[in-house]
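Here the structure is laid out as structure tokens; the discussion comes afterwards.
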Amino acid sequence: MTFETIYNTANTRAAALGLPLIFGDTAVQNVAANSLSVDFFTLDITTGYYTDVNVPRSNGYTIVIRCMGTSEYMRDDAVEIATLIRTDQLLQDMLAAFVCGYEVGAIRLSKVQNQYDSIKSGWEAVLDVYKFG
């Protein structure tokens, strides 16, 4: 498994769902989020590691995937809740590509609200991926 494999998996799945994928850290995500008015995914691969240095390809990565939408945080609760419901389902759809195609560790889900300069809300998943295929 490689960085490229993870990126391609996320990019292919985002395209199949008809949504943009932004790769990068929070600063990159903020710049891109400010120009988007549609739901979108973000991907960051934060760390990599070897589970057994004596076994080829026994590496893994910790990845962070978000699905975010336009937020009405503290302005319109009904719209904010609808955004959270929609982005939760979209994130589950994105995660299916990883759960079905990789060996994964625990998936930690978090609600994120009032993010970026353009104010987006949604869900974030942090997971360890160990093996492709």
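Residue numbers count from 1 along this sequence.
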Heavy atoms of A33 and I22 approach each other most closely as N-CD1, 4.3 Å

Hits for side-chain contact (heavy atoms from CB on, under 4.5 Å) against E124, two or more places apart or cross-chain, chain-then-number order -> V64, R66, V112, V126

Residue set satisfying side-chain hydrogen bond (donor to acceptor under 3.5 Å, both in side chains) with T87, at least two apart, ordered chain then number -> none

Sorted by chain and number, sequence neighbours left out, side-chain hydrogen bond (donor to acceptor under 3.5 Å, both in side chains) with T12 holds for none

Output for pair (T83 OG1, D88 CG), nearest 0.5 Å, gives 12.0 Å

By side-chain contact (heavy atoms from CB on, under 4.5 Å), Y49 pairs with (sequence neighbours left out) T51, T62, D128, Y130

- Task: Given side chain to side chain contact (heavy atoms under 4.5 Å, CB included), test L95 with V104 step by step and report yes or no.
- Result: CA-CA 10 Å; L95 290 175; V104 300; over 6 Å; no

Residue pairs meeting ring-ring contact (aromatic ring centres under 6.0 Å, His included), one or both in residues 70-100, sequence neighbours left out, come to F98-Y102

Checklist entry - Are L84 and L36 linked, directly or through other ILVMFWY residues, by side chains that come within less than 4.5 angstrom of each other? => result no

Taken to the nearest 0.5 Å, the spacing of F3 CZ from N59 CG works out to 13.0 Å

CD (Q92) and CG (L109) are apart, to the nearest 0.5 Å, by 6.0 Å

Same cluster or not: are L91 and V129 linked, directly or through other Ile, Leu, Val, Met, Phe, Trp or Tyr residues, by side-chain heavy atoms under 4.5 angstrom apart? yes

Note to self: Between F40 and M94, is there shared hydrophobic-cluster membership here, with clusters defined by ILVMFWY side-chain heavy atoms closer than 4.5 Å?
What the structure shows: no

When rounded to the nearest 0.5 Å, the distance separating CG of L19 from CG of L90 is 5.5 Å

Between the CD atom in E80 and the CD atom in Q113, the distance rounded to the nearest 0.5 Å is 4.5 Å

Residues 68-79 vs salt bridge (Lys or Arg N to Asp or Glu O under 4.0 Å), sequence neighbours excluded, gives E72-R75

Contacts of N8 meeting side-chain contact (heavy atoms from CB on, under 4.5 Å) (sequence neighbours excluded), chain-then-number -> E4

By side-chain contact (heavy atoms from CB on, under 4.5 Å), I81 pairs with (sequence neighbours left out) I85

Shortest non-hydrogen pair, F41 vs A14, comes out as CD1-CB, 3.8 Å

Interatomic distance, CG@L21 vs OG1@T42, rounded to 0.5 Å, equals 7.5 Å

Quick note, salt bridge (Lys or Arg N to Asp or Glu O under 4.0 Å) partners involving residues 31-50, not counting sequence neighbours, are D39-R86

Those residues at least two apart in sequence (or on a different chain) that pass side-chain hydrogen bond (donor to acceptor under 3.5 Å, both in side chains) with N11 are none

Problem - In one Ile/Leu/Val/Met/Phe/Trp/Tyr side-chain cluster, 4.5 Å: V31, L43 - result: no

Side chain to side chain donor-acceptor pair (under 3.5 Å) pairs touching residues 16-33, sequence neighbours excluded, are Q29-Y116, N30-D117

- request: Report yes or no: do W123 and I65 belong to one cluster of Ile/Leu/Val/Met/Phe/Trp/Tyr joined by side chain heavy-atom distances under 4.5 Å?
  value: yes

